[in-house]
There are 2 protein chains.
Amino acid sequence: MIHEKKRTFNEFAASKGLRSTRQRDIILDVFLSTHQHVSVEELYLKVKASNPGVGQATVYRTLKLFVEAGLAREVLLHDGQTRFEHVMAGEHHDHLVCTGCNAIIEFENETIEKLQDEIATRHGFKIRSHKLEIYGLCASCKG
Amino acid sequence: MIHEKKRTFNEFAASKGLRSTRQRDIILDVFLSTHQHVSVEELYLKVKASNPGVGQATVYRTLKLFVEAGLAREVLLHDGQTRFEHVMAGEHHDHLVCTGCNAIIEFENETIEKLQDEIATRHGFKIRSHKLEIYGLCASCKG
DNA sequence: CGGTAAAATGAAAATGATTATCAAAAGCAG
DNA sequence: CTGCTTTTGATAATCATTTTCATTTTACCG
Ligand SMILES: [Mn+2]
Ligand SMILES: [Mn+2]
Ligand SMILES: [Zn+2]
Ligand SMILES: [Zn+2]
């Protein structure tokens with residue numbers, strides 16, 4: 001899948017006439033090696049660990065490109081930091097967020113998605129995206 | 001309802017041992033006179049119009065109290081500003097957000113709420129709150 | 001009523017994430 | 001290579017929100 005994503009990005013870059021740079025390769029590699037929901041700062045530190053030359057601004061810029069290319073998605077939780085998660089083509093999920101330990105549980109629910117479509121239709125609204133976040137305490141934190 | 005909310009806040013203040021101040025009265029009055037989804041800056045300007053002495057920090061501080069007291073709710077959309085909306089006791093709704101004209105349509109859906117409970121239960125998760133925002137184009141902006 | 005301790009306020013500074021600037025470096029078509 | 005354009009990195013700028021802290025208010029007690 002990693003190779004798949006690299007190809008996705010290369011195709012996107014080509015279609016946009018973007019140049020291929022060492023920095024973007026590095027950032028993509030590091031991003032693909034992370035777990036879900038990385039903050040820019042976290043990613044920047046990881047990148048810097050192996051490649052001290054890379055600037056923070058470039059990490060910001062490149063993550064935006066990943067979103068445009070469809071291989072990352074912005075996740076804004078309540079902690080003041082934009083996070084990015086991997087996205088498989090066509091895949092979608094929502095989040096249970098534990099306010100105790102910051103754990104994030106992902107889930108999908110087809111019925112909820114359908115109900116959202118119905119609601120939108122009822123209001124003459126054309127959905128582009130949506131966000132469902134459930135905040136509370138996970139099994140361990142409920143204790 | 002306005003009187004009701006004032007009482008709610010006074011009770012909250014009493015229970016917390018908060019002192020009663022002119023500023024809080026003013027800010028509550030102005031807040032209750034606004035429409036839904038006010039930003040802090042908007043509210044601050046309204047307050048300043050009639051009461052130039054009141055500081056912005058106090059508006060920030062007081063809005064937090066309203067949330068604690070249960071008569072306001074934070075709404076974080078994608079525009080970099082925290083907004084606050086009125087909350088009636090026990091009432092809840094979610095949002096359709098038009099990315100064209102920034103209109104906000106409110107809706108309630110009991111089935112979605114129930115499905116969320118099921119999902120939480122399935123994951124041993126104790127829900128404290130949730131947020132469902134549907135982004136897209138409203139009827140006018142779809143054109 | 002004053003007198004006082006604690007809480008609240010306002011102005012200004014600090015913070016922190018993100019974005020803009022711009023000179024220097026790198027990629028690429030010819 | 002050459003020349004032109006994009007990209008980069010360091011740094012400054014933004015902008016919403018928070019913190020600080022000296023001053024003002026409030027609540028309470030004698
Ligand atoms: Mn996720
Ligand atoms: Mn609302
Ligand atoms: Zn937890
Ligand atoms: Zn619209």
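In what follows, chains carry the letters A, B, and so on, assigned in the order in which the sequence lines appear, proteins first and then strands, with residues in each chain numbered from 1.
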Discussion item. Treating primed atoms plus P, OP1 and OP2 as sugar-phosphate and everything else as base, which nucleotides of nucleotides 15-28 of chain D get B, S or - for protein heavy atoms under 4.0 Å?
Written reply: -SBBBB-----BS-
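Across all strands shown, A:Gly53 has heavy atoms under 4.0 Å from sugar-phosphate atoms exclusively, and none from any base.
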Fill in: Residues A:His95, A:His93; criterion ring pair (Phe, Tyr, Trp, His ring centres under 6.0 Å); working and verdict
CA-CA 7 Å; A:His95 298 116; A:His93 63 257; 4.9 Å; yes
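Between B:Glu11 and B:Arg7 there is a salt bridge, since a side-chain N of the basic residue sits under 4.0 Å from a carboxylate O of the acidic one. Using a 4.0 Å cut-off between charged nitrogen and carboxylate oxygen, A:Lys46 and A:Glu42 do not count as a salt-bridge pair.
Atom P of nucleotide D:dT7 and atom CG of A:Asp25 are separated by 13 Å, given to the nearest angstrom. With rounding to whole Å, A:Tyr44 atom OH is found 17 Å from C:dG16 atom P. When the P atom of C:dA11 is taken as reference, atom NZ of B:Lys48 falls 9 Å away, rounded to whole Å. Regarding A:Arg24, its CZ atom lies at a distance of 14 Å from the C1' atom of C:dC28, rounded to whole Å. For B:Asn51 and C:dG10, the CG to C1' distance is 14 Å, given to the nearest whole Å. When rounded to the nearest whole Å, the span between CD1 of A:Ile26 and C1' of D:dG9 equals 13 Å.
Remark: B:Asp29 pairs with B:Lys6 by the side-chain hydrogen bond (donor to acceptor under 3.5 Å, both in side chains) rule, at least two apart or across chains. Partners of B:Arg24 according to the salt bridge (charged side-chain N to carboxylate O under 4.0 Å, His left out) rule, which considers only residues two or more places apart in sequence or in another chain, do not exist here.
B:Thr34 places a side-chain N or O within donor-acceptor distance of the main-chain N or O of B:Phe31, the cut-off being under 3.5 Å.
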